[in-house]
Structure formats: C-alpha cells, structure tokens
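Before any comments, here is the structure.
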Amino acid sequence: MSSCRVGLHLAACLLNISEARKKSIVENIAKAALLERNGQRHPEVSVLNVFSDPEYNRSVITIAASIDELGNSVLAACLEAFQSIDMEVQEGIHPCLGAVDLIPIYPLSGVGVEECGAVARSLAENLVLSVPGCSVFLFGEADLPEKRPLVQRRKQLGWFTRRDFSTLKSDLGAAPARRCGLTG
C-alpha cells in the first residue's frame, strides 16, 4: 500500500487475538484481513506487523487500510479468529474474554478519531450480527455518548480481577461467554 497518494485516508487496527502458540492460526487470521470477499488480495489493505507472546498466548495483528476498507478487513480477520481459536482449551496468563479480545482503531492519515469510532461501532454491530453469542464492550470514540477510555472500561468491568464475566451486561450483543466475548 502506498501512502503517497493525495487524499489517502488511512487508519490502523491493532487486533488482539487470544492465540500465539499456534503460528498457522495466527497467520490465517492475518491473511483473512488481506482478502476481499472474492478471495483476491485487497490492494488497499496491509498487515504491518504480527506480534505474538506465547506466555500470554496473545497476538496483536496490526492492520492498516483506507478508512473505508478497514472495517471489512478487520471483520474478516475476526470471523477467522472465531472459527479457528478454541477458547475451551486456550490458556495464557493474560485475562481474555474471547477469541478476539481487543479491537482498537487509530487514525493514521487524513482521518479523525471520530471516523475511527464510527468504524469501530459499525464493526461491533456487524460482529454481533455475524457471530452468534458475540458480546461487545465499547470504549473511546465508539462508546457514545460517554467515550470512556479503555482503562476506565476495564476497571468498570473488573477486567484483571474478575473470573466470571457472565453477569456483565455488554454494550452490544449477548451476555459475555468465553467462546466469543470481546472488548472492541
């Protein structure tokens, strides 16, 4: 992807998934982000980095794209993650709620945080429609009207101390379940 085109509106997602020990699963999730619905490589989407931490059993896939394409790209990666990651056997020292654990979206060029929030909210709505049982907790510009930061949301949810998330009420979707809950 070239950033030298005039007027290019770029954003990035640091997609956090609950897998780092099975390299083929992580790679397939990253590849899913790169493909259009017809299976062809999308020319305006790039995976910039994949960082995997086996101790945490968590990977962060950095996806960059035009703001218009980022939501579809991340949705494809999330759907692959939900299909591929078995949360019944997932182990790691980082607390996680589901196969996809965090979906922050950041502006890169020619895009504001409000646009990123709109993409995040649309992505959350599409995930709830596409993945039965999916739950979403919003933060930042996607969390309207409060716009609570991630740290505040995690404190409110008891993220690092709670072991039973089933009593929480999600912002979108079903009550949290280990298989497909997420923070997004």
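Residue numbers count from 1 along this sequence.
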Identify the two heavy atoms, one from Asp101 and one from Ser18, that lie closest to each other, and give their separation to 0.1 Å. CB-OG, 4.0 Å
Is Asp143 salt-bridged to Arg148, cutoff N-O under 4.0 Å? yes
Is Ser130 close to Leu79 at the side-chain level, that is, under 4.5 Å between some pair of heavy atoms? yes
Result block: side-chain N/O donor-acceptor pairs under 3.5 angstrom for residues 120-127, not counting sequence neighbours:
{"from": "Arg121", "atom 1": "NH1", "to": "Ala142", "atom 2": "O", "distance (Å)": "2.9"}
{"from": "Asn126", "atom 1": "ND2", "to": "Ser122", "atom 2": "O", "distance (Å)": "3.3"}

Would you say Glu44 and Ser66 make side-chain contact, with heavy atoms under 4.5 Å? yes
Following the transitive rule for hydrophobic clusters with a side-chain heavy-atom cut-off under 4.5 Å over Ile, Leu, Val, Met, Phe, Trp and Tyr, establish whether Val50 and Val74 coincide in one cluster. yes
Criterion side-chain contact (heavy atoms from CB on, under 4.5 Å) on His42 and Gln40, from CA distance to verdict: CA-CA 6 Å; His42 198 294; Gln40 298 296 311; over 6 Å; no
To the nearest 0.5 angstrom, please state how far the CG atom of Leu102 sits from the CG atom of Leu150. 5.5 Å
Clusters formed by hydrophobic residues whose side-chain heavy atoms approach within less than 4.5 Å: which one holds Val60, and what are its other members? Leu14, Tyr106
Passes side-chain hydrogen bond (donor to acceptor under 3.5 Å, both in side chains), Glu69 versus Ser73? Steps please. CA-CA 6 Å; Glu69 296 299 330; Ser73 177; over 6 Å; no
Check the pair Leu70, Ile105 against side-chain contact (heavy atoms from CB on, under 4.5 Å), reporting the backbone distance first and the verdict last. CA-CA 9 Å; Leu70 187 61; Ile105 297 178; 3.6 Å; yes
I'd like to check the salt bridge (charged side-chain N to carboxylate O under 4.0 Å, His left out) partners of Lys147; sequence neighbours left out, ordered by chain and number. Glu141
OG/Ser59 to NZ/Lys23 distance, rounded to the nearest 0.5 angstrom? 11.0 Å
Find out whether Asn16 and Ile103 are in side-chain contact, i.e. whether some heavy atom of one side chain is under 4.5 Å from a heavy atom of the other. no
Point-to-point distance, once rounded to the nearest 0.5 Å, from SG of Cys78 to CD of Gln83: 12.0 Å
Could you pull out the closest heavy-atom pair between Arg153 and Asp171, with the gap in Å? NH2-OD2, 2.7 Å
How close do Phe82 and Cys134 get, counting heavy atoms only, and between which atoms? CZ-SG, 4.4 Å
